[in-house]
Amino acid sequence: MDNSLRNNKVLIVYTGGTIGMVQDENGSLHPFAMDRILDAVPQLQHTNYGIDSCQLDNIIDSSNMTPSFWVDIANIIESRYNDYDGFVVLHGTDTMAYTASALSFMFQNLTKPIVLTGSQLPLGMLRSDGRENIICALEIAATQQAVIPEVCIFFESHLYRGNRSTKVSSENFDAFNSFNYPSLAKAGISISYKQHLMLPMPTETMTVRKVFDTRIAVLKLFPGITPEVVRSLLGTPDLRGVIIETYGSGNAPTEKWFIDALQDAIDRGIVILDVTQCKAGAVKLKQYAASCDLDRIGIIGGHDITIEAAVTKLMYLLGVCGDDTATVKRLCSTSLRGELTA
Ligand code: ASP
């Protein structure tokens, strides 16, 4: 046991997800309110740090996640920020990487760990991975062995930067990965922290921004995509931002109808961000002739950002910057919380 944890306090925020689900008579898993979360993991009565818990008013399968839930989670953490040394958010795995990314952008100058975790099997099942995940996430949120001023995901045995994480398996216990940034800590017999990979401790006061503009779309390219589909998506009324999921290092068709459709959208003030469909690696505009037109017409390269971080960052920037699209574009390709390598 980590003796340096003594007297620290952690708040658990339960939002739903498999970790607390129960099966109905047909065998389908449903979200379930856990009035006494700590009763589900009796080992937690023997920690040498304090644990309190609370839950959202609506406990959900995370496939029902929306920005208003992100604001609810942020409100809880913000209102109790000074009472705890760290926070653990219990969350469904399906959209955990989106919530972790969203929280990372909302909390500016974060000085404490916010660790999201969940499980592939409910805590009530014998082989559940939830017990180990929750115990490790709590220990990390309470630790004094490392300074973790970040939103993270702990799963199986790794602590990942939240806005670098992606769900990679609906089956395996190691359900998450971070392809473009190393894990921040690894849990074995002890937890080994890689302090040099963590964000620096901020010197300015923590603030929370809670505005997301959801008027965005994701355009995933595939061979054979038609002009009708592209024009229809780009013609969505009131659209403000588009993430174009391109091939390889940011490449796309060079056909005139395609470039013209993108150019028309940019002329209408829509911000377009280029993110690769590859799990690892980065967008490098102009590396191939097949991305020169994208660069020429003003599409922004997303570097090595994940799609989850790109979606939440674009909603966040459009919300925070309003009509100042020049700033949105500049910040899209800038690292705000370690989400990309520029
Ligand atoms: N559907 C579940 C959820 O995301 C999956 C899980 O938690 O693993 O809420």
Side-chain angles (χ1 to χ4, degrees), residues 12-35 37-41 44 53-74 76-77 87-104 114-138 140-141 151-178 183 187 212 214 218 279 306-309 311-312 315:
I12 299 176
V13 183
Y14 172 53
T15 70
T18 296
I19 193 159
M21 286 190 183
V22 289
Q23 276 177 320
D24 66 15
E25 59 282 5
N26 301 316
S28 304
L29 289 166
H30 288 259
F32 191 71
M34 273 203 283
D35 287 333
I37 295 168
L38 299 184
D39 288 353
V41 189
L44 293 178
S53 65
C54 64
Q55 48 192 298
L56 296 186
D57 292 339
N58 274 335
I59 298 305
I60 57 167
D61 183 305
S62 78
S63 38
N64 281 315
M65 189 49 65
T66 62
S68 78
F69 283 102
W70 298 336
V71 172
D72 290 344
I73 299 167
I76 291 174
I77 296 174
F87 301 85
V88 168
V89 179
L90 301 183
H91 194 289
T93 58
D94 288 348
T95 60
M96 190 184 291
Y98 288 91
T99 299
S101 299
L103 291 172
S104 79
I114 300 176
V115 185
L116 283 79
T117 196
S119 66
Q120 295 282 58
L121 286 175
L123 276 174
M125 288 187 177
L126 201 54
R127 286 198 313 110
S128 176
D129 51 329
R131 266 176 296 275
E132 189 195 323
N133 284 346
I134 195 170
I135 290 168
C136 287
L138 282 163
I140 289 166
V151 179
C152 310
I153 288 180
F154 180 84
F155 225 87
E156 179 69 354
S157 54
H158 285 280
L159 183 73
Y160 299 111
R161 176 167 296 159
N163 57 33
R164 291 284 194 162
S165 309
T166 300
K167 182 173 178 180
V168 291
S169 175
S170 59
E171 176 75 23
N172 298 339
F173 285 153
D174 53 344
F176 285 84
N177 211 329
S178 163
S183 70
F212 290 94
T214 56
V218 177
K279 291 288 169 221
T306 62
I307 186 66
E308 296 90 338
V311 163
T312 52
M315 287 200 280

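Whatever order the structure lists them in is the order used to number ligands and atoms, beginning at 1.
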Any N or O of [X] that comes nearer than 3.5 Å to an N or O of ligand 1?
X: Thr95; value: no
X: Ser62; value: yes
X: Asp94; value: yes

Check your understanding: Between Ser63 and Asp61, is any side-chain donor less than 3.5 angstrom from a side-chain acceptor?
Key -> yes
Review point. Do you know which of Ile59, Leu56, Val88 makes side chain to side chain contact (heavy atoms under 4.5 Å, CB included) with Tyr14?
Key: Ile59
**Study point:** Side chain proximity check, Ile60 to Phe69, heavy atoms < 4.5 angstrom
**Key:** yes
Point to revise | Proximal atoms of ligand 1 relative to Gly17 (non-hydrogen, under 4.0 Å) | key: 7 (O), 9 (O)
Exercise for review: Identify, by atom number and element, the atoms of ligand 1 in contact range of Thr18, meaning under 4.0 Å from any of its heavy atoms.
Suggested key: 2 (C), 5 (C), 6 (C), 7 (O), 8 (O)
Review point. Do side-chain atoms of Ser62 reach the backbone of Gly17 as a donor and acceptor pair under 3.5 angstrom?
Key: no
Review point. Strictly under 4.0 Å, does any heavy atom of Ser119 approach an atom of ligand 1?
Key: yes
Study note, to complete from the structure: Residue, atom and distance of the protein heavy atom nearest atom 8 (O) of ligand 1 read Thr93 OG1, 2.4 Å
Practice item. Look at atom CG of Asp57 and say whether more than 12 heavy atoms of other residues, nucleotides or ligands are closer to it than 6.0 Å. Key: no
Review point. Would you say Phe173 has more than 12 foreign heavy atoms packed within less than 6.0 Å of its CZ?
Key: yes
